[in-house]
2 protein chains.
Amino acid sequence: MNTDNHLAKLLTMYGQQQSFQRHESIFCQGDDDGHIYFVQTGLLKAYYVSSEGKESIKSFVAEGNMIGSLNSVVNQAGCSFSLVALEASQLLRLPFSLLVDKAAQSHPLANDVIQQLLALAMKKEQREFEFLSLSAEQRYQRFLAQAPQLIDRITQSDMARYLGVTPVALSRIKKRCG
Amino acid sequence: MNTDNHLAKLLTMYGQQQSFQRHESIFCQGDDDGHIYFVQTGLLKAYYVSSEGKESIKSFVAEGNMIGSLNSVVNQAGCSFSLVALEASQLLRLPFSLLVDKAAQSHPLANDVIQQLLALAMKKEQREFEFLSLSAEQRYQRFLAQAPQLIDRITQSDMARYLGVTPVALSRIKKRCG
DNA sequence: AACGGGCATTAACCCAGGTTAACAATGAAT
DNA sequence: ATTCATTGTTAACCTGGGTTAATGCCCGTT
């Protein structure tokens, strides 16, 4: 009855174990990398770098979560973001094409994939809502409330770049509202 | 070979035809509405209203696209946004639970659902990127470039609220950059 | 023709956040 | 212990966008 057991089985059967040290890069913006990465231990950050050099953090990926560049996979284009280890991390790597093939053959697996994609879409909609409707201060408060397990594993600067403000601005927000 | 034909078939077989006039509401934030709506003709807007009364537009939904509140469906909670017709619209309405049931029974349909969810996730990631990394002016330019077919069907105020700025600010941006 | 409502523009004022820079604190490397 | 790099704080100044309000335009209604 546990969810996603077919996906988990696929990962353990076909996934390739990989280790990364703190600060080590998994892939870079522009690379062609059609894999999904499942985090067994550790912490990753996915981030964009603009043409002017500004870094913006798309997401943090902790144990039990997976990530990969949909753009690279679906559009056969380069990755739209970079992926780096914030802590020493154990990953399971799987070619996305393999997942697609297997899901086309196995209905239970396809159902697991639907669950994963639904969860992803909802997470992204949530974030869209926060940028659209909330102030930087409100986004900060929500982050504290919803990801308390992350706050002592990331720097304040990275939290700022995840929230869409500069590190200086986040320092001011903290002072302002405790 | 055409994509999503199973989903299309399901819609025509089980979908209920509904007509809405301009300005008519399909559902409201907080309502319990577990349907997905496929737009045959017309144009919808999905929007949040904050506790202070500020309206923020989540998305415009034109012919050939579908929408529904994932939050209402997956979490059995109220809709997180409101849906209204910007033009007289013909919709096909389907209980999401029906889609879930049928997808659990039909593997080809499940594959169609995966395609839809992938496309949705990528659209939302794109929007996340724009809010995270681009200025209001850059978001405006991109909107012009990527949705030219919409600009003469929506008001400038609605475009502003979609881009995350006030109508006054968008008027200034237009003046600034042509 | 006259009225009234929504929409876009513009101006004036204010504020949150960006930018730059100085400074302190921490911590890893020699 | 010293050095160097990274991080966080604070200050000064600037700018983009929010707010409010006035004005004019367009359009649909009567």
Side-chain angles (χ1 to χ4, degrees), chain A residues 21-25 43 45 47-57 60 82 84-88 129-144 150-178, chain B residues 21-25 43 45 47-57 60 82 84-88 129-144 150-178:
Chain A
Q21 300 175 336
R22 190 170 136 90
H23 295 154
E24 202 175 347
S25 167
L43 181 64
K45 83 167 169 185
Y47 62 102
Y48 304 103
V49 179
S50 75
S51 47
E52 306 95 48
K54 192 188 107 184
E55 176 181 326
S56 308
I57 299 184
F60 300 104
S82 300
V84 70
L86 290 184
E87 302 172 357
F129 165 78
E130 288 166 5
F131 278 119
L132 196 52
S133 305
L134 303 183
S135 68
E137 182 171 327
Q138 290 172 310
R139 294 200 297 276
Y140 167 66
Q141 305 271 22
R142 272 173 91 109
F143 186 79
L144 290 190
L150 277 184
I151 58 180
D152 50 348
R153 297 171 73 183
I154 63 178
T155 67
Q156 191 172 307
S157 290
D158 273 349
M159 195 193 302
R161 285 184 277 261
Y162 176 78
L163 295 174
V165 295
T166 60
V168 177
L170 181 55
S171 177
R172 281 190 293 233
I173 288 172
K174 265 183 63 179
K175 188 183 181 185
R176 207 159 68 212
C177 67
Chain B
Q21 301 176 333
R22 189 169 137 89
H23 296 152
E24 203 176 345
S25 167
L43 181 63
K45 84 168 169 185
Y47 63 102
Y48 304 103
V49 179
S50 74
S51 46
E52 304 94 49
K54 193 188 106 184
E55 175 181 326
S56 307
I57 298 183
F60 300 105
S82 300
V84 70
L86 289 185
E87 303 171 357
F129 164 78
E130 288 166 6
F131 278 118
L132 196 51
S133 304
L134 303 182
S135 67
E137 183 171 328
Q138 290 172 310
R139 293 200 298 276
Y140 168 65
Q141 304 270 23
R142 273 174 91 109
F143 186 79
L144 290 190
L150 277 185
I151 59 177
D152 50 349
R153 297 172 73 185
I154 63 177
T155 66
Q156 191 171 307
S157 289
D158 273 349
M159 194 192 303
R161 286 183 275 262
Y162 176 78
L163 295 174
V165 296
T166 60
V168 177
L170 182 54
S171 176
R172 282 189 294 233
I173 288 173
K174 265 184 63 180
K175 187 183 183 185
R176 209 160 67 212
C177 67

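Residue numbers begin at 1 in each chain, while the letters A, B, ... track the order of the sequences. These figures come from a predicted structure and were not determined experimentally. In what follows, every heavy atom counts, from backbone to side chain, and hydrogens, waters and symmetry copies are set aside.
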In whole Å, I'd like the distance from the [atom1] atom of [X] to the [atom2] atom of [N].
X: B/Tyr140; N: D/dG16; atom1: OH; atom2: P; value: 17 Å
X: B/Arg161; N: D/dG17; atom1: CZ; atom2: C1'; value: 16 Å
X: A/Leu86; N: D/dT6; atom1: CG; atom2: P; value: 15 Å
X: A/Leu134; N: D/dG18; atom1: CG; atom2: P; value: 14 Å
X: A/Met159; N: D/dT9; atom1: CE; atom2: P; value: 10 Å

Nearest heavy-atom pair of [X] and [Y]: which atoms, and what distance?
X: B/Glu24; Y: B/Gln21; answer: OE1-N, 2.7 Å
X: A/Ile57; Y: A/Lys45; answer: CD1-CD, 3.8 Å
X: A/Leu170; Y: A/Gln156; answer: CD2-O, 3.4 Å
X: B/Phe131; Y: B/Gly164; answer: CE2-CA, 4.3 Å
X: A/Met159; Y: A/Ile151; answer: CE-CG2, 4.0 Å
X: B/Asp158; Y: B/Phe60; answer: O-CZ, 3.8 Å

B/S/- along nucleotides 22-30 of chain D (protein heavy atoms under 4.0 Å) is ---------
Spacing of [atom1] belonging to [X] relative to [atom2] belonging to [Y], to within rounding of 0.5 Å:
X: A/Ile154; Y: A/Arg161; atom1: CD1; atom2: CZ; value: 10.5 Å
X: B/Glu55; Y: A/Leu132; atom1: CD; atom2: CG; value: 10.0 Å
X: B/Arg176; Y: B/Tyr140; atom1: CZ; atom2: OH; value: 11.0 Å

Nt span of DNA chain C in reach of chain A heavy atoms at under 4.0 Å, 5' end first, is C/dG17 to C/dT20
Per the under-4.0 Å heavy-atom filter, residues of residues 162-177 of chain B near DNA chain C come out as B/Val168, B/Ser171, B/Arg172, B/Lys174, B/Lys175
Tested for side-chain contact (heavy atoms from CB on, under 4.5 Å) against A/Cys177, the lone hit among A/Gln138, A/Arg172, A/Gln141 is A/Gln141
Tested for side chain to side chain donor-acceptor pair (under 3.5 Å) against B/Glu87, the lone hit among B/Arg153, B/Arg22, B/His23 is B/Arg153
